[in-house]
Amino acid sequence: MKSLKGTLLGFAKDLSGFILLILFLILFFNIDSFKNEQVGITVPDTWLLIHMNFLSIVLEAVPFILLGVFVSALIQIYVKEEIIHRYLPKNAYAALLPAAIMGAIFPICECAIVPIVRRLIKKGMPLHVGVVFLVAAPILNPIVAASTFFAFRTDLSVLYARMGLAFILSILIGAILYIIFKNKDQLRWTKDELVGRQVVVDPIYPRKMNRIKQTMYHAADEFFLMGKYLIMGAFVASLFQTLLDREFLLAIGTNEWSSTAVMMGFAFLISLCSEADAFVAASFNNTFSTGSLVAFLVYGPMLDLKNTFMLFAFFKVRFVVTFMTVVTVVVFAAMIALQYLQIL
């Protein structure tokens, strides 16, 4: 009886997901077909702009989500807990530096980093080390450095400030969260995720083929699990992108304090990919101070609206709220201090 009930629930979830997918394809990819005078239906231009912004965020993020879930699946299948414990320093604070350096190596943006970090933590990586990787990798990676260089090639101080601050502040944020949580478990896992998909090992195929099959299953499960939160976050972000009054931003961003706060809030709400946000920041170069532009470039990849949805889905609420508070306070305080000292 329980098996039948579970099968029916699974079928209902798959069916509802299929229906939502069809509605998504009809309403978003073919929205122009509803603007048909013969049918008598018109779609407001604002909604068309929301639709365009939504699609741009989703299509920009999906390749990186795919990268993230495949890396996560590979970690699940091929990386053993002993390996993580063997290579990480035993001292909690000494382990922060390698995590920041590791973030500078991998070309992973904020869209892909959440599934990778949660899987590494499940495999035994300490929470505070995962936090450093979470906030450092989306900024320090080579692709982001290159895009920032090309966007601000006439003022390389922005590039140096972005990379230097990301490295230092990621270590500081990790240390603060270690003091607060002491590596207590902060992940949220469903029973199915903890057990994992039970893949029947086929004796006909070699062990390598069975592991590839398991990797594909884990990647598919995690992609659809992450995808719904990405879509929700992208939709809310597209609303803000469309409806937020840019003139209002310019009006309140008149001094160091307010301009820094405005650009940090702007970075959070519009949820740009870290590999493209430098070009948007460069468009404000003649309007906002250099310090507020750097705040935009540092804060946005660490914390934005779409990855906040993912964080709340996969980490405990207390941890997410604390993480958001620490990141916001640390970045804002650092930017104000640097501007006060006239370094930026």
*Asks:* To the nearest 0.5 Å, how far apart are CD in Q186 and CZ in F323?
*Replies:*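 Separation between the atoms: 12.5 Å.
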*Asks:* Test side chain to side chain contact (heavy atoms under 4.5 Å, CB included) on D155 and Y160; report intermediate values, then the result.
*Replies:* CA-CA 10 Å; D155 184 12; Y160 302 142; over 6 Å; no
*Asks:* Is atom CZ of F279 surrounded by more than 12 heavy atoms (other residues, nucleotides or ligands) closer than 6.0 Å?
*Replies:*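 Count over threshold, so yes.
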*Asks:* Are L156 and I143 connected, step by step, through hydrophobic side chains (Ile, Leu, Val, Met, Phe, Trp, Tyr) whose heavy atoms are closer than 4.5 Å?
*Replies:*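 No, it is not one cluster - the side chains of L156 and I143 are not joined through contacts under 4.5 Å.
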*Asks:* What distance do L303 atom CG and L305 atom CG have between them, rounded to the nearest 0.5 Å?
*Replies:*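 So the gap between those two atoms works out to 9.0 Å.
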*Asks:* First locate atom CZ of F288, then atom OG1 of T260, and finally report the distance between them rounded to the nearest 0.5 Å.
*Replies:*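 Going from CZ on F288 over to OG1 on T260, the span is 10.0 Å.
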*Asks:* Looking only at heavy atoms, what is the nearest atom pair of L96 and A175, with distance?
*Replies:*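 Distance-wise, the nearest heavy atoms are CD1-CB, 3.8 Å.
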*Asks:* Among the clusters formed by ILVMFWY side chains lying less than 4.5 Å apart, do L311 and V329 turn up in the same one?
*Replies:*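 No, L311 does not connect to V329 through the hydrophobic network.
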*Asks:* Treat each ILVMFWY residue as a node, draw an edge where side-chain heavy atoms are under 4.5 Å apart, and state whether V327 and I168 are in one component.
*Replies:*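 Each belongs to a different hydrophobic cluster.
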*Asks:* Which atoms form the tightest heavy-atom contact between V117 and G130, and what is the distance?
*Replies:*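 Of all heavy-atom pairs spanning V117 and G130, the closest is CG1-O, 3.6 Å.
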*Asks:* Compare every heavy atom of K306 with every heavy atom of C273, then report the nearest pair and how far apart it is.
*Replies:*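 The answer is N-NZ, 4.4 Å.
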*Asks:* Just by modelled atom types, is the P301 backbone N or O under 3.5 Å from a matching donor or acceptor in the S274 side chain?
*Replies:*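 Not a single qualifying donor-acceptor pair exists.
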*Asks:* Which pair of non-hydrogen atoms, one from G300 and one from A267, has the smallest distance, and what is that distance?
*Replies:*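 Closest approach of G300 to A267: CA-CB, 3.7 Å.
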*Asks:* Do the non-hydrogen side-chain atoms of I270 and F296 ever get within less than 4.5 Å of each other?
*Replies:*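 In contact.
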*Asks:* Checking side chain to side chain contact (heavy atoms under 4.5 Å, CB included) for the pair I179/H128: CA distance, chi angles, key distance, verdict?
*Replies:* CA-CA 9 Å; I179 293 170; H128 68 292; over 6 Å; no
*Asks:* Using the side-chain contact (heavy atoms from CB on, under 4.5 Å) definition, which of the options L338, L159, V158 pairs with V294?
*Replies:*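 Option passing the side-chain contact (heavy atoms from CB on, under 4.5 Å) with V294: V158.
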*Asks:* Can you give me the closest heavy-atom contact between V132 and G174, atom names plus distance?
*Replies:*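 Nearest pair, atom of V132 first, then G174: CG2-CA, 3.7 Å.
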*Asks:* Side chains of L127 and L177, heavy atoms from C-beta outward: is any pair under 4.5 Å?
*Replies:*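 SC-SC contact between L127 and L177 ruled out.
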*Asks:* Begin from the C-alpha positions of I121 and F314 and carry the test side chain to side chain contact (heavy atoms under 4.5 Å, CB included) through to its verdict.
*Replies:* CA-CA 12 Å; I121 293 174; F314 304 118; over 6 Å; no
*Asks:* Please check if the side chain of S292 supplies one atom and the backbone of M263 the other of a donor-acceptor pair under 3.5 Å.
*Replies:*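 No.
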*Asks:* Is the backbone N or O of N307 less than 3.5 Å from a side-chain atom of D304, with the two atoms forming a donor-acceptor pair by type?
*Replies:*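 Checking the backbone N and O of N307 against the side chain of D304, a donor-acceptor pair under 3.5 Å is found.
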*Asks:* So which heavy atom on M302 is nearest to which on I173, and how close?
*Replies:*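 What the structure gives for the nearest pair is SD-CD1, 4.0 Å.
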*Asks:* Would you call the rings of Y178 and Y93 parallel, tilted or perpendicular, where under 30° means parallel and over 60° means perpendicular?
*Replies:*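 Perpendicular.
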*Asks:* With a 3.5 Å distance limit and no angle check, can you tell me whether R153 reaches the backbone of F150 through a side-chain donor-acceptor pair?
*Replies:*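 Pair found, side chain donor or acceptor close to backbone of F150.
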*Asks:* Say you draw a straight line from CZ of F312 to CE of M324; how long is it, rounded to the nearest 0.5 Å?
*Replies:*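 Result: 5.5 Å between the selected atoms.
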*Asks:* With side chains defined as the heavy atoms from C-beta onward, is the minimum distance between Y299 and L169 less than 4.5 Å?
*Replies:*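 Answer no - side chains too far apart.
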*Asks:* What's the separation between atom CG in D277 and atom OG in S271, rounded to the nearest 0.5 Å?
*Replies:*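 Rounded to the nearest 0.5 Å, the CG-OG separation comes out at 11.0 Å.
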*Asks:* Looking only at atom types and distance, does a side-chain atom of K316 sit under 3.5 Å from a main-chain N or O of D185, one as donor and one as acceptor?
*Replies:*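 Yes.
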*Asks:* Kindly indicate whether the side chain of F181, heavy atoms from C-beta on, has any atom under 4.5 Å from the side chain of V131.
*Replies:*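 Side-chain contact under 4.5 Å: no.
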*Asks:* From M335 CE over to S289 OG, what is the distance, rounded to the nearest 0.5 angstrom?
*Replies:*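 So the gap between those two atoms works out to 8.0 Å.
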*Asks:* In the structure I gave you, are the side-chain heavy atoms of L297 and F152 within less than 4.5 Å of one another anywhere?
*Replies:*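 L297 vs F152: side chains touch.
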